[in-house]
Amino acid sequence: MELESLLKKHFNYHSFKHGQKEVITSILSGSHTMAMLPTGTGKSLCYQLPAYLLEGQVLIVSPLLSLMQDQVEQLIIRGEKRVVALNSFLDKNERTQIFSRLDQYKFIFISPEMLSIDFVVHKLKQLNIALFVVDEAHCISQWGYDFRPDYMKLGTVREKLGNPLTLALTATATKEVVSDIIQSLNLEMWNEFIYSVDRPNISIRVESLESVVDKQKKLIELVSTLQGPGIIYFSSRRLAEEMVELLRGSGVQKVMAYHGGLDQESRILIQQQFLNGQLDFICATSAFGMGINKENVRFVIHYHMPLQLESYLQEIGRAGRDGKESIAILLYIAGDEQLPYQLAESELPNVKQIELCFKWILNCPDNLSNIADFEAELRILARLTDIQWRMIRDYLQSLNANELNLTKYMNEFKLFVEQRLNIKRDKINEITRWTNSIQCRREKILNYFDEQKKMDIRNCCDICGMDMQSFYKKENEAHSIDFQFHWKDYLQAMLTK
DNA sequence: CGTATTCCATTTACATGGAATACGGTGCAGTAAT
């Protein structure tokens with residue numbers, strides 16, 4: 001077969017993994033393609049192989065700078081030199097240079113934010129874009145509404161680029177997420193490849209506890225007895241840091257915290273140390289995980305519950321990529337769902353803030369023509385975060401300045417925010433119900449993703465019954481090999497690239 | 001909502017309890033460029 005020989009030639013693999021060939025064939029037939037492949041199936045091959053059969057450039061929209069840099073590196077290591085990442089890492093000179101010879105690249109990685117700049121789109125338009133790829137496409141649905149609104153503009157961008165052939169890739173997607181992706185990309189006809197989200201080798205367990213002290217004790221007990229390596233997820237940076245100290249105090253040494261508050265260097269370092277086995281445990285926020293491919297993670301513990309089952313599934317999916325038996329444990333105290341509710345609420349502007357803003361604008365003589373002029377003042381006055389301000393600003397900018405009925409618009413905006421909040425609350429309700437349920441954990445998750453549980457699984461979940469012995473450290477376990485890893489050299493290499 | 005921190009009054013103690021307040025996640029990004 002032609003595809004297999006290409007696979008051998010460019011990637012040195014002998015056979016495709018589950019789903020890859022179908023997705024690639026679909027693209028090569030010229031159909032827009034929505035592919036949901038389980039974590040660790042080698043999603044990037046789905047656009048990299050077709051790239052060699054298509055005339056023109058492959059444009060890949062990627063959510064994280066680190067992910068882009070990583071993919072670029074991988075391609076370069078494989079001998080593909082025609083690769084570039086368009087992002088804020090480029091300095092002025094590099095940028096000028098690269099934009100002047102964009103057509104010489106085969107693979108162009110880009111952030112959705114960059115794609116919202118007119119100049120960039122103008123430049124891309126002059127290319128022959130053979131394939132428009134949205135990597136981690138669930139970000140559209142998960143982030144696009146508020147956190148990273150440029151994700152919602154990808155459809156418009158696609159149109160400006162002349163509706164190129166499109167591939168959306170993700171590992172987690174409910175029917176709603178899939179339809180969000182299709183809609184916001186403005187796809188009319190497309191092929192869908194949806195595979196099971198189930199990961200039979202991950203046992204699922206909820207530990208109900210009475211108090212914070214119990215929870216901390218339980219965490220220490222688990223981390224010191226379970227077979228590592230493992231990831232512990234928190235919804236608070238401070239707590240992640242504190243638990244590292246607590247674990248160290250209890251004799252767990254090879255543990256570090258990872259969250260968005262750390263500088264880029266520390267994040268790279270800690271991630272690498274975990275990948276190399278110099279760290280056994282990571283206390284992390286949701287900042288940790290996307291694009292991390294560590295095969296032998298044996299457990300994922302949640303100290304706090306995520307804001308939706310989609311996130312939960314993504315996070316526990318980082319365990320057991322090697323197919324070996326692994327465990328996911330959620331530590332739960334009744335009422336824990338209050339933190340997610342609070343996080344969801346504080347992300348959006350509240351009624352008071354909205355009223356304050358509109359009132360202020362109403363009293364402003366030249367109100368909507370130059371929003372940027374009063375940004376600073378208004379933001380301080382209403383104590384708006386970046387995200388809150390952006391939502392308000394984008395809404396104001398969408399208004400027709402000729403017929404200003406601010407009261408009407410304000411109520412419309414309030415309603416819009418209320419609806420977003422209700423969607424977020426529903427998701428939290430869903431995961432809370434799941435936590436408190438007495439039905440098979442796996443079955444309920446699968447049902448949420450519109451699947452049925454098809455087989456009996458050993459050590460399925462705490463409801464079906466499981467033997468915790470399988471997950472404890474083995475006696476006389478050989479200590480993980482310490483690689484001679486010179487982190488200073490590594491960092492130097494990363495930073496001078 | 002729940003937890004941790006700060007503030008303040010007490011009846012004069014350098015400490016303590018209770019009230020008020022702050023905090024809680026995810027990331028990209030030209031100051032022109034066609």
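By convention in this document, chain letters (A, B, ...) are assigned in the order of the sequence lines, proteins followed by strands, and residues within each chain are numbered from 1. The structure displayed is predicted, hence computed values, not measured ones.
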Watson-Crick or G-U pairs under 3.5 Å in DNA chain B, rendered as dot-bracket with [ ] for crossing pairs and | for another strand = ((((((((((....))))))))))..........

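Put simply, CE on M305(A) is 13 Å from C1' on dC1(B), counting in whole angstrom units. The interatomic distance linking I333(A) (CD1) with dT3(B) (C1') rounds to 11 Å, in whole Å. Across the protein-nucleic acid pair, E375(A) atom CD and dT31(B) atom P stand 12 Å apart, rounded to whole Å. Atom CD1 in I117(A) sits roughly 7 Å away from atom C1' in dA29(B) (whole-Å rounding). Rounded to whole Å, the distance from OH on Y341(A) to P on dG2(B) is 13 Å.
The side-chain hydrogen bond (donor to acceptor under 3.5 Å, both in side chains) check on S196(A) picks up E451(A), with sequence neighbours excluded. In terms of the side-chain hydrogen bond (donor to acceptor under 3.5 Å, both in side chains) criterion, R390(A) has no residue partners (sequence neighbours excluded). By the side-chain hydrogen bond (donor to acceptor under 3.5 Å, both in side chains) test, R238(A) is found to be paired with E242(A), residues two or more places apart in sequence or in another chain being considered. Under the side-chain hydrogen bond (donor to acceptor under 3.5 Å, both in side chains) criterion, N296(A) pairs with K294(A), sequence neighbours left out. For F99(A), the ring pair (Phe, Tyr, Trp, His ring centres under 6.0 Å) partners are F119(A), not counting sequence neighbours. Take E315(A) and apply the side chain to side chain contact (heavy atoms under 4.5 Å, CB included) test, not counting sequence neighbours, and it matches Y233(A), S286(A), H302(A), P306(A), S311(A), R318(A). Remark: E192(A) pairs with no residue by the salt bridge (charged side-chain N to carboxylate O under 4.0 Å, His left out) rule, at least two apart or across chains.
Enclosure of atom CZ in R248(A) by more than 12 non-hydrogen atoms of other residues, nucleotides or ligands within 6.0 angstrom is indicated. Few gaps surround CD1 on I77(A); more than 12 heavy atoms of other groups in view lie less than 6.0 Å from it.
When the C1' atom is used for both dT12(B) and dT16(B), the distance is 14 Å, rounded to whole Å. As rounded to the nearest Å, dC8(B) and dC14(B) have C1' atoms that lie 14 Å from one another. The same atom, C1', is picked in dA9(B) and in dA13(B); the two are 12 Å apart, to the nearest Å. Rounded to the nearest Å, the gap between the P atom of dG17(B) and that of dT11(B) is 14 Å. Between dC28(B) and dG24(B), the distance separating the two C1' atoms is 22 Å to the nearest Å. Remark: the separation of the P atoms in dC7(B) and dA29(B) is 39 Å, to the nearest Å.
Residue pairs meeting the salt bridge (Lys or Arg N to Asp or Glu O under 4.0 Å) criterion with at least one member in residues 175-187 of chain A: none, sequence neighbours excluded.
Across all strands shown, D118(A) has no heavy atoms under 4.0 Å from either base or sugar-phosphate atoms. Using a 4.0 Å heavy-atom distance criterion, M290(A) is classed as making no nucleic acid contact. Using a 4.0 Å heavy-atom cutoff across all strands shown, K123(A) reaches no nucleic acid atom at all.
The nearest pair of heavy atoms linking I431(A) to M305(A) is CG2-CE, 3.6 Å. The two atoms that bring A85(A) and Q69(A) nearest to each other are CB-OE1, 3.7 Å, heavy atoms only. Nearest heavy-atom pair, L356(A) versus A382(A), reported as atom, atom and distance to 0.1 Å: CD2-CB, 4.3 Å.
Within residues 207-223 of chain A, the residues having any heavy atom closer than 4.0 Å to DNA chain B are, in order of number, V212(A).
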Close N or O pairs between protein and nucleotides 17-21 of chain B (under 3.5 Å):
none

What string of B, S and - do you get for nucleotides 22-27 of chain B, 5' to 3', when a contact is any protein heavy atom under 4.0 Å?
-> --BBBB

Side chain to side chain donor-acceptor pair (under 3.5 Å) between Y145(A) and R420(A), intermediate numbers included | CA-CA 8 Å; Y145(A) 288 102; R420(A) 282 305 311 158; 4.8 Å; no

